[in-house]
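So that the names make sense, note that chain A is the first sequence line, chain B the second, and so on, each numbered from 1. Hydrogens, waters and symmetry mates play no part in the numbers below; they use all other heavy atoms, side chains included.
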Amino acid sequence: MASLSSQPQFRYTQPPSKVLHLRNLPWECTEEELIELGKPFGKVVNTKCNVGANRNQAFIEFADLNQAIAMISYYASSSEPAQVRGKTVYLQYSNRQEIVNNKTTADIAGNVLLVTIEGQDARLVSIDVLHLVFSAFGFVHKITTFEKTAGFQALVQFSDAETATSAKNALDGRIIPRYLLSENISPCTLRITYSAHTDLSVKFQSHRSRDYTNPYLPVAPSAIDGSNQFNLGLDGKKLEPESNVLLASIENMQYAVTLDVLHMVFSAFGPVQKIAMFDKNGALQALIQYPDVQTAIVAKEALEGHCIYDGGFCKLHLSYSRHTDLSIKVNNDRSRDYTIPNPAMVNPQPSVLGQQPVQTMGHQYNGTQYAPGVQQQPTMPPQPSAGWGSSAVPPMPQPMMNNHNPYIPPASMPQMTPGMMQMPGQGGIPPFRPTYM
DNA sequence: AGCACA
């Protein structure tokens, strides 16, 4: 007869085992949470979580069989189900007698992440896009990309395991934000584990590898001649040589764009050293100087085509300037050197020097997006919104895990990092209104 | 909501 016992995976009773199988766990359940759950019943000697296709299953191994029996028995008769983060979890004896090989290299936290980019067009994802995505969590030292049987992969090197972990926790299983990819590219999912590497060897800057700690590393010949892929963007457009100075031109300038506004907007990505504004053919342009090329790249990629004000006003167009160091003769309403101490200056910047882009998002312009018609002060332009606003942090009474990551992984899906999901208006309060006009 | 070395 086709009894239940012919389908062992659906049996209601498993023979007892020191190992318990848990299911219906929250997506990012931690080993600590599993230990907490099992602790009242005995000594948890091993755990394995995030297993199974949906990463919502786990195992707990007790030191003693009786402890496992105690836990199963307790919840079998309890009116309160076992819970993790308020979510009911279902448990039963595992059909294995022990958890095997719990810790592989992929589980041991390190400063280098192994990133697999999944998707039809995975290999069209440029190293610059990856750099942008991972820079939200801290300074990215190096990136290498390569093709393996697993698909298109990258190694991303951070300063330390903590930073790498925050990036991994936030990005694993998520897609690369759509607005970072050109429209014809299908969604790309990131799968992230730890790599055993601690320091990547990058010999050349190329379309396959970058060392951001050494921008003067020679550019690979293969990247210069012939294919010229080094200078090709995702959409195949040719890019100007990168520079630490950005040239911004402002289109549809319904509102006065002041030096302070520009400073605020561009400071979201790192310390702004100097700004010079001028008119060119009746349109406003500005040169914005960062201490390094990397910060300028991040700012350019994030801000290009976006509007300072809601409603498509003051749309930014950015290119790399030929300048590397602006000569500011005088500090006035059109030009300023922020590297010169000035007690009268508002909005001082923490001197993180591009180390932690997210850390510089501390501007509290995260409140209302002022529509052009509803200005509070008739004479004032609407409040511009700082690039990657701190408003992205979900309003959950949750302690910061560490001091340098404003990102708190949301209990439930959609957002990625501060700003990242914010910018294209995918919920929350977008710091920058993407209008793509 | 259903058993893991990739």
With sequence neighbours excluded, residues passing ring pair (Phe, Tyr, Trp, His ring centres under 6.0 Å) with A:Phe158
none
With nearest nucleotides of DNA chain B determined for A:Val51 and A:Tyr90 from heavy-atom distances, which residue corresponds to the more 5′ nucleotide?
A:Tyr90
Separation of B:dC5 P from A:Glu98 CD (nearest whole Å):
16 Å
Between B:dA4 and A:Arg96, is there an OP1 or OP2 to side-chain N/O distance shorter than 4.0 Å?
yes
Nearest to side-chain heavy atoms of A:Asn24, which nucleotide of B:dA1, B:dG2, B:dC3
B:dA1
Any idea how A:His131 and A:Tyr212 line up, ring-wise: parallel (<30°), tilted (30 to 60°), or perpendicular (>60°)?
parallel
Rounded to the nearest angstrom, tell me the gap between atom CD in A:Gln92 and atom C1' in B:dA1.
9 Å
Among B:dA1, B:dA4, B:dG2, the one nearest any side-chain atom of A:Gln57 is B:dG2
Sequence neighbours excluded, every pair satisfying salt bridge (charged side-chain N to carboxylate O under 4.0 Å, His left out) that has a member inside residues 71-84 of chain A:
none
What is the distance, to the nearest angstrom, from the CD atom on A:Gln14 to the P atom on B:dA4?
12 Å
Between CG on residue A:Leu287 and CG on residue A:Leu262, distance to nearest 0.5 Å
11.0 Å
A:Asn54 atom CG is separated from B:dA4 atom C1', nearest whole Å, by 14 Å
Between B:dA1 atom P and A:Gln83 atom CD, what is the distance in whole Å?
14 Å
Rounded to whole Å, the CD-P distance (A:Gln97 to B:dA4) equals 15 Å
Nearest whole angstrom, please: distance from the C1' of B:dC3 to the CD1 of A:Ile99.
11 Å
Base, sugar-phosphate or nothing for A:Glu61? Non-hydrogen atoms, less than 4.0 Å.
nothing
Can you check the A:Asn56 CG to B:dC3 C1' distance for me, whole Å?
12 Å
Kindly state whether the pair A:Phe59 / B:dA4 counts as stacked, where counting means centroids closer than 5.5 Å and planes tilted less than 30° apart.
yes
Do the side-chain N and O atoms of A:Lys142 and A:Thr144 include a donor-acceptor pair separated by under 3.5 angstrom?
no
